[in-house]
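Heavy atoms only: backbone and side chains are in, while hydrogens, waters and symmetry mates are out.
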Amino acid sequence: MKGYLILAGLLLPLLLQAQQHKVKSITAYYDTTAVVELFNQAPIGLEITYTNGEIRATEGFMHGNYRWKYIKVTSPDGTVRNGVLTFDRSYLPQNQYQVKLLVTLPDVEQPIATTLQLPYLTGIRFHHYADSLKKDIRFYLNVEGRFSTGKIYPLDTSVIQFAASAGRLLGQDLLLSRPDTSRFINVTATYKLNPSMVIHTVIPVKQKQDDDSMIIKDERDLFNNNRRKKRGG
């Protein structure tokens, strides 16, 4: 009898281990409210599916109960700490903006590989705030990006390279001096991470100067303007 008890004690851990359900797959997601299209950080979440159909999710935006402190995630495409992925966007195009993740769980002997698809730019466009450029006044070169998520965000000089046929480029502003006789300015915007993504625009230069005679600088101008209006009537 004693021998049977000893044998049962030895076999019980093995039987319990055999009954444990194995991990079937791990799916990675990113927080869609984090504007990952523009920033190089993304809160991520994992959905862990077991062979018995059970599904567990990580804490955070996925509202699961699997704590990040029990999970180890490594990646050749960035770093993951406490469920936040940090990456370098310039390296992502060569992998179609897919980030490889290697997930180690406490109840699994070997790490499990999964892939996270990040959003990417599909096109750019100019969206000017004014119809023409006024001399000696900065003209903002507004470029918007369309992303694979369907969202549209403004882009800046960190990812856009500008070139202009006239005037001076001051960051994302175009400035044309008063003596310049250009009637139109050709502007090119190039996406730095994909130089084949290029757009062009032609900006008219306002030729007729604004009438500053009615601009009020002090009380005397207000009196003079009212007097001019009466004479004109």
Side-chain angles (χ1 to χ4, degrees), residues 26-47 57-58 60-63 73 75-81 83-101 114-134 137-176 182 184-206:
I26 297 179
T27 306
Y29 301 90
Y30 67 87
D31 188 349
T32 57
T33 66
V35 195
V36 183
E37 291 86 350
L38 299 181
F39 302 114
N40 292 337
Q41 276 193 340
I44 65 171
L46 301 177
E47 187 178 77
T58 51
F61 72 93
M62 294 193 67
H63 307 293
V73 182
S75 173
D77 305 312
T79 59
V80 179
R81 183 177 181 181
V84 178
L85 169 68
T86 302
F87 56 92
D88 186 342
R89 192 176 301 274
S90 63
Y91 290 103
L92 295 182
Q94 58 188 353
N95 295 323
Q96 289 74 50
Y97 293 89
Q98 294 181 343
V99 175
K100 298 177 182 178
L101 302 175
T114 188
T115 300
L116 174 66
Q117 178 67 61
L118 292 177
Y120 55 91
L121 193 69
T122 60
I124 56 178
R125 69 185 185 188
F126 280 107
H127 188 184
H128 298 315
Y129 294 139
D131 295 331
S132 61
L133 179 148
K134 297 179 182 179
I137 297 179
R138 292 191 177 199
F139 184 93
Y140 184 70
L141 299 172
N142 184 43
V143 174
E144 296 177 336
R146 299 186 301 273
F147 290 85
S148 57
T149 55
K151 297 179 180 180
I152 298 175
Y153 291 108
L155 304 176
D156 58 25
T157 53
S158 65
V159 293
I160 297 294
Q161 179 71 48
F162 291 101
S165 61
R168 286 192 300 156
L169 287 168
L170 304 172
Q172 206 156 338
D173 293 333
L174 178 60
L175 181 64
L176 189 69
S182 301
F184 298 93
I185 301 178
N186 297 303
V187 178
T188 300
T190 304
Y191 184 49
K192 293 180 180 180
L193 300 184
N194 181 7
S196 65
M197 193 177 293
V198 182
I199 55 174
H200 307 274
T201 187
V202 178
I203 303 173
V205 177
K206 189 171 184 178

Within the structure provided, determine whether [X] and [Y] are in side-chain contact (heavy-atom separation under 4.5 Å).
X	Y	answer
T33	F61	no
L121	N194	no
V36	F147	no
T149	T32	no
T115	Q117	no
L85	T79	no
L193	L92	no
Y91	D77	no

To check you understand the geometry: which heavy-atom pair defines the closest contact between [X] and [Y], and what is its length?
X	Y	result
V143	A189	CG2-CB, 4.1 Å
L169	A164	CD1-N, 4.1 Å
Y29	E47	OH-OE1, 3.6 Å
L101	A28	CD1-CB, 3.8 Å

Starting from the C-alpha separation in whole Å, work towards a yes-or-no answer on side chain to side chain contact (heavy atoms under 4.5 Å, CB included) for I160 and Y191.
CA-CA 5 Å; I160 297 294; Y191 184 49; 4.3 Å; yes
The criterion is salt bridge (Lys or Arg N to Asp or Glu O under 4.0 Å); which residues satisfy it with [X], sequence neighbours excluded?
X	value
D156	none
R146	none
R168	none

Check step by step if side chain to side chain contact (heavy atoms under 4.5 Å, CB included) holds for H200 and V202.
CA-CA 7 Å; H200 307 274; V202 178; over 6 Å; no
Check whether [X] reaches the backbone of [Y] with its side chain - one donor and one acceptor, N or O, closer than 3.5 Å.
X	Y	value
S75	K100	yes
T58	L46	yes
S148	Y120	yes
K206	D131	no
R89	F39	yes
T114	I26	yes

How far apart are the C-alpha atoms of L174 and F162, what are their side-chain angles, what is the distance that settles it, and do they pass the side chain to side chain contact (heavy atoms under 4.5 Å, CB included) test?
CA-CA 10 Å; L174 178 60; F162 291 101; over 6 Å; no
Name all residues meeting the side chain to side chain donor-acceptor pair (under 3.5 Å) criterion together with S182; count only those two or more places apart in sequence or in a different chain, and write none if there are none.
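Result, side chain to side chain donor-acceptor pair (under 3.5 Å) vs S182: D180.
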Roughly how far, to the nearest 0.5 Å, is the [atom2] atom of [Y] from the [atom1] atom of [X]?
X	Y	atom1	atom2	answer
L141	T201	CG	OG1	8.5 Å
K134	L175	NZ	CG	14.0 Å
E37	L155	CD	CG	11.0 Å

For H128, ring-ring contact (aromatic ring centres under 6.0 Å, His included) partners two or more places apart:
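ring-ring contact (aromatic ring centres under 6.0 Å, His included) list for H128, sorted by chain: F126, F139.
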Can you confirm whether more than 12 heavy atoms, excluding those of D88, are under 6.0 Å from its CG atom?
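Yes.
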Which residues pass the side chain to side chain contact (heavy atoms under 4.5 Å, CB included) test with Y140, sequence neighbours left out?
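Partners of Y140 under the side chain to side chain contact (heavy atoms under 4.5 Å, CB included) test: Y129, N142, Q172, D173.
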